[in-house]
Amino acid sequence: MGRKILIAGNWKMNGLLADGTNLAKGVAEAAKKLGKPQCEFLVCPPFTLLTSVKKALRGAKVALGAQDCHFAEKGAHTGDISPVMLKDCGCQYVILGHSERRANHGESSELVNVKAQAAHAQGLKTIICVGETLAERDEGRALEVCTTQILDSVPESSTWQDTVIAYEPVWAIGTGKIPTTADVEEVHKAIRKTLAKKLGKSNANRMRILYGGSVKPNNAKELLSLEDVDGALIGGASLKVEDFLGIAQNAGVC
Ligand code: PGA
């Protein structure tokens, strides 16, 4: 379907001014050398680095994203950041509903849905994350959990242009464990089918579904060659230029 591959780095709560800026410069330089038209790069630093990373990325084909946002435009929400503020910093993307936010901040799929609508209203693209825990997989509920999260978290007004899905099994994040390629393919197909029911076939066929959870240069080829895997959401390995770009290179897509 000609979906553009997205190689996205989720820096999480890592990086101070000096090393964050250096990392961004390194990614910018390397992306200039790679960067086939069918491949898109994205980095999502912590809020504190958005402005300096934006500067470091000047002239490079690397998009900027944040890791969360509030649903309101402004107001009495201590500690929160609004979609308008992210736009103002130069963000094009925002990650929503990451399992660390669902688990550590009690975020529900309904909240993720409202945040996504607010982000889209400001012209931000969202990366909406879903994924099962190990207990849920062991109970044979992985597909049910992921498709329910899709139905509840993705706004009805979403389109392939403003929404990217990330399938991230919670038990694969930061653990070095990854599902079998058959399991990844099964969940991605189920997600696309659910998206088709919710948003129509044409949106579902063009919407990108990333895989995330312990993606490294040495497993990228296997994962990214799967038919319904349209890129990767990368945590740990996005903190080193050679690993982040190595994933893109080894996948042979960028
Ligand atoms: P990981 O994290 O690559 O360190 O497993 C992925 C994520 O949480 O997005």
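We count ligands from 1, going down the list as the structure has it; atoms in each ligand are counted the same way. What you see below is based on every heavy atom in this structure, not just the backbone, and it leaves out hydrogens, waters and symmetry mates.
Taking every heavy atom of both residues into account, F244 and L42 meet most closely at CZ-O, 3.6 Å. Taking every heavy atom of both residues into account, L50 and L64 meet most closely at O-CD2, 3.7 Å.
Taking a heavy-atom cut-off of under 4.0 Å, ligand 1 is surrounded by N10, K12, H98, E168, A172, I173, G174, G213, S214, L233, I234, G235, G236.
Ring geometry, H77 versus H70: the interplanar angle falls from 30° to 60°, so the pair is classed tilted.
Using a 4.0 Å cut-off between charged nitrogen and carboxylate oxygen, D80 and K115 do not count as a salt-bridge pair. Between E29 and K33, none of the side-chain N atoms (NZ, or NE/NH1/NH2) sits under 4.0 Å from a carboxylate O, so this pair counts as no salt bridge.
Looking only at atom types and distance, the side chain of H98 has no donor-acceptor partner in the side chain of Q67 under 3.5 Å away.
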